[in-house]
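One structure below.
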There are 2 protein chains.
Amino acid sequence: MRPTVHDIAEAAGVSLATVDRVLNRRPGVRQSTIGRVEEAIARIGYVRDLAAANLAKRRIYPLVFILPEGPNAFMRALEAAVLEAKTRSAIERTDIRLLTIPPFDAQALAQALDTLDLSELAGVALVATEAGAVREGVARLHDAGVPVVTLVSDLPNSRRDHYVGIDNVAAGRTAASLLGRFVGNCRGKIAVVAGSMLVRDHVERRMGFDQVMHAEFPALDVLPVLEGLDDGATVARVLAGCLEAHPDVVGVYSLGAGNRGMIEVLEARGVGRAISVVAHELSDHARKALTSGTIDAVINQDAGHEVRSAIRVMKARADGLPPVDDQERIRIDIFLRDNLP
Amino acid sequence: MRPTVHDIAEAAGVSLATVDRVLNRRPGVRQSTIGRVEEAIARIGYVRDLAAANLAKRRIYPLVFILPEGPNAFMRALEAAVLEAKTRSAIERTDIRLLTIPPFDAQALAQALDTLDLSELAGVALVATEAGAVREGVARLHDAGVPVVTLVSDLPNSRRDHYVGIDNVAAGRTAASLLGRFVGNCRGKIAVVAGSMLVRDHVERRMGFDQVMHAEFPALDVLPVLEGLDDGATVARVLAGCLEAHPDVVGVYSLGAGNRGMIEVLEARGVGRAISVVAHELSDHARKALTSGTIDAVINQDAGHEVRSAIRVMKARADGLPPVDDQERIRIDIFLRDNLP
DNA sequence: CATTTTTTGAGGTACGTAAATCATCGATGC
DNA sequence: GCATCGATGATTTACGTACCTCAAAAAATG
């Protein structure tokens with residue numbers, strides 16, 4: 001049988017009330033007594049029954065997700081995953097609130113962080129935008145004892161507790177590795193389409209991509225980044241211009257959103273698909289393009305997994321428990337036509 | 001506030017005892033009364049508090065994992081994952097027992113199933129071997145109300161409740177897709193090394209591989225399967241023989257275990273690595289070979305995820321709850337040198 | 001030493017559910 | 001009209017923990 005608080009009391013030679021005071025860090029216990037109780041806990045291997053504790057406490061975990069609004073398919077997928085998690089709130093004792101804010105708008109994000117009611121919040125998950133004000137907001141949350149998790153786009157050197165998302169440098173390297181081999185031996189140019197070079201994940205992908213391209217595929221010439229603002233129409237415009245200016249483009253790496261625009265342009269070019277394509281995020285459009293052969297590989301991060309992982313991590317941190325690292329590592333998914341889920 | 005059993009009693013106009021009888025399917029309630037209670041449950045949206053119920057019941061989940069013994073690195077990884085899960089038993093209310101049996105031995109597996117004490121078992125997870133006796137054992141477990149989960153290798157047309165593992169046909173297709181593009185335009189032969197064509201997952205991978213090879217890479221000639229029995233030494237022997245007999249081999253697909261042998265042979269051939277290689281399972285050897293360039297891609301299934309998924313599914317089924325399908329889908333991981341975890 | 005303050009003990013109630021006992025009521029059969 | 005039986009109610013205890021009150025003991029203070 002698993003030891004209980006009663007066993008601690010007996011083992012430490014104190015009363016139940018004292019054990020309770022120690023366990024829940026209530027005042028009024030001599031330091032030496034605390035030591036005795038803690039020694040007994042360690043000795044008999046007591047672990048608190050979280051379920052029973054939560055029952056007694058009537059605990060629920062109030063969590064907040066802050067996501068950018070707008071058409072970005074991946075962000076909408078995240079949103080859907082959050083809403084899906086909300087349906088399991090009763091079972092999981094969570095109370096999930098979803099805030100959406102204008103995309104690429106650090107001020108709005110910082111302000112959203114400011115207006116949160118910190119008392120009794122069990123965690124905040126946000127898609128970070130780089131800015132001092134955001135860093136400060138995160139620090140304030142953290143210092144108030146609220147676990148903070150960055151989602152998809154990290155905020156290094158901040159007080160965030162955890163990052164849920166892929167290693168974007170590795171993702172960029174992987175894209176280069178695939179694209180380089182897919183285009184084969186031929187020389188030519190590579191077009192790179194990003195959303196904005198102000199968002200950390202896009203910068204990192206680009207960095208990883210360049211590393212591998214330069215080191216391993218010197219025959220390929222990587223063109224300057226096209227910024228498509230994660231918007232289909234813009235992507236279509238800039239990419240079409242690029243392909244016209246450079247008829248010898250043999251590969252395209254789309255590292256942001258707005259793939260719809262890229263797909264349109266490539267499919268309009270007609271049959272001779274001498275262009276290999278690697279893109280990010282498995283949206284419906286990307287999936288179709290993968291099936292039809294317009295896109296050769298899609299690098300994906302699973303929105304559902306990320307949201308569930310964020311919830312697990314916030315709950316664990318709120319309880320003062322360590323997360324299962326191995327379980328919480330978000331993997332870089334590579335989808336070809338043949339392993340589509 | 002979430003409704004409780006008391007609220008049901010009030011809403012249905014019956015006593016707590018009757019609600020309890022209905023909820024726990026105890027006898028002694030008229031059908032019409034059952035109907036009234038169930039209507040009230042649906043109306044007020046009651047969901048049982050599993051944590052409280054498990055506390056009251058002193059429930060633990062006795063689970064059994066049956067794995068093949070032997071040197072197969074992936075099976076050992078599964079075993080490690082089971083032992084790791086065991087360390088979380090106290091928190092997760094599980095009581096995990098691990099049985100190992102001789103590999104490729106359906107009789108031993110069937111016998112292991114026979115000797116299980118079915119009363120109070122919350123689930124059995126097994127790496128299936130194809131055989132009638134195994135199917136019967138699974139059926140007996142299922143009929144006794146014990147959830148059965150197949151792990152890694154499925155047993156279709158059996159009474160198993162769930163399969164935890166990848167789609168092996170898709171894995172084979174993916175391997176072909178990668179290998180076909182990696183070898184580029186050149187003609188040549190492809191060597192395929194399997195463990196045994198008696199194991200379903202190997203057969204399925206081979207099938208998927210052939211599909212794509214024939215359809216999309218007609219310039220490549222797939223040689224008959226070499227059986228390496230998932231054993232390094234055997235793999236080395238048969239593969240070395242094959243490469244000698246066919247100097248024009250340009251690609252190798254290793255769909256079973258024993259990659260150590262393959263790596264030795266390929267690295268012994270020396271520098272001119274004109275051979276592209278796709279293998280399965282990210283063992284330490286495979287990882288090193290990936291880094292050094294001997295292997296180009298590894299297709300992997302995450303043992304830790306599989307074990308955790310199996311546990312979640314068995315617990316859910318034991319509680320009569322539906323698993324979260326999306327969460328339990330095991331993905332085909334593709335690792336290149338650049339996205340190694 | 002007496003007094004105040006701190007520390008500890010004893011005991012209770014609550015959380016939401018399970019499971020048991022015992023009493024009650026109505027209908028049935030004889 | 002009495003015994004029997006099925007259905008239902010009323011009530012209690014328990015699970016492991018949290019949290020509260022009140023009293024008692026111990027320690028610190030003057």
Side-chain angles (χ1 to χ4, degrees), chain A residues 1-38 40-41 44-61 89-93 95 120 122 318-321, chain B residues 1-38 40-41 44-61 89-93 95 120 122 318-321:
Chain A
M1 282 300 279
R2 221 173 124 173
T4 74
V5 281
H6 296 84
D7 301 321
I8 303 177
E10 193 177 336
V14 299
S15 76
L16 215 58
T18 300
V19 172
D20 179 65
R21 289 179 186 115
V22 173
L23 278 178
N24 296 295
R25 300 176 200 290
R26 273 187 265 278
V29 186
R30 221 178 316 159
Q31 196 54 48
S32 61
T33 314
I34 295 183
R36 262 165 59 217
V37 172
E38 278 172 347
I41 290 176
I44 67 177
Y46 167 85
V47 256
R48 183 198 238 106
D49 184 330
L50 235 196
N54 282 344
L55 178 61
K57 268 194 290 213
R58 266 160 291 190
R59 189 183 201 347
I60 49 165
Y61 298 84
S89 276
I91 311 175
E92 299 181 350
R93 293 194 130 78
D95 172 22
E120 290 303 313
D319 291 329
L321 296 175
Chain B
M1 283 301 278
R2 222 173 123 173
T4 74
V5 280
H6 295 84
D7 300 322
I8 303 177
E10 194 177 336
V14 299
S15 77
L16 216 56
T18 300
V19 173
D20 181 65
R21 289 179 186 116
V22 173
L23 278 178
N24 297 295
R25 303 176 197 290
R26 272 186 267 276
V29 187
R30 222 178 314 156
Q31 195 55 48
S32 62
T33 313
I34 295 183
R36 262 165 59 218
V37 172
E38 279 171 347
I41 289 176
I44 67 178
Y46 167 85
V47 256
R48 183 198 237 105
D49 184 331
L50 234 197
N54 282 344
L55 179 60
K57 265 194 291 210
R58 266 161 291 191
R59 187 180 200 349
I60 49 165
Y61 299 84
S89 276
I91 311 177
E92 298 180 351
R93 292 193 130 77
D95 173 22
E120 289 303 313
D319 291 329
L321 295 175

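What you see is a predicted model; the values in this text were computed from it and never measured. Here is how names work: the chains are called A, B, and so on, in the same order as the sequence lines, proteins then strands, and each is numbered from 1.
- If you measure from atom NE2 of A:His6 to atom C1' of D:dA18, you get 12 Å, rounded to the nearest angstrom.
- Looking at the side chain of B:Asp49, the nearest of the listed nucleotides C:dA19, D:dT17, C:dT17 is C:dT17.
- Straight-line distance from the CZ atom of A:Arg26 to the P atom of C:dT6: 19 Å, rounded to whole Å.
- In plain terms, the two heavy atoms of A:Leu321 and A:Leu50 that are nearest each other are CD1-CD1, 4.0 Å.
- Cation-pi check for B:Arg48 over B:Tyr46 is not met; the charged atom does not lie both under 6.0 angstrom from the ring centroid and within 45 degrees of its normal.
- Rounding to the nearest 0.5 Å places CG of A:Leu23 at 4.5 Å from CD1 of A:Ile41.
- Listed here is the closest heavy atom pair of A:Arg2 and A:Asp7: O-OD2, 4.2 Å.
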(request) Sugar-phosphate atoms are those with a prime plus P, OP1 and OP2; base atoms are the rest. Using that split, label each nucleotide of nucleotides 7-13 of chain D B, S or - for protein heavy atoms under 4.0 Å, 5' to 3'. (result) SBBB---
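- Picking from D:dT17, C:dA19, C:dT17 the nucleotide with the shortest atom distance to the side chain of A:Tyr46 gives D:dT17.
- Using a 4.0 Å cut-off, some side-chain N or O of B:Arg48 falls inside it from OP1 or OP2 of C:dA18.
- In this structure, A:Arg58 atom CZ and D:dC20 atom C1' are separated by 12 Å, rounded to whole Å.
- Heavy atoms of A:Asp20 sit under 4.0 angstrom from at least one base atom.
- We find that CD1 of A:Ile91 is positioned 13 Å from P of C:dT17, with the value rounded to whole Å.
- The distance between atom CG of A:Leu50 and atom P of C:dG16, rounded to the nearest whole Å, is 17 Å.
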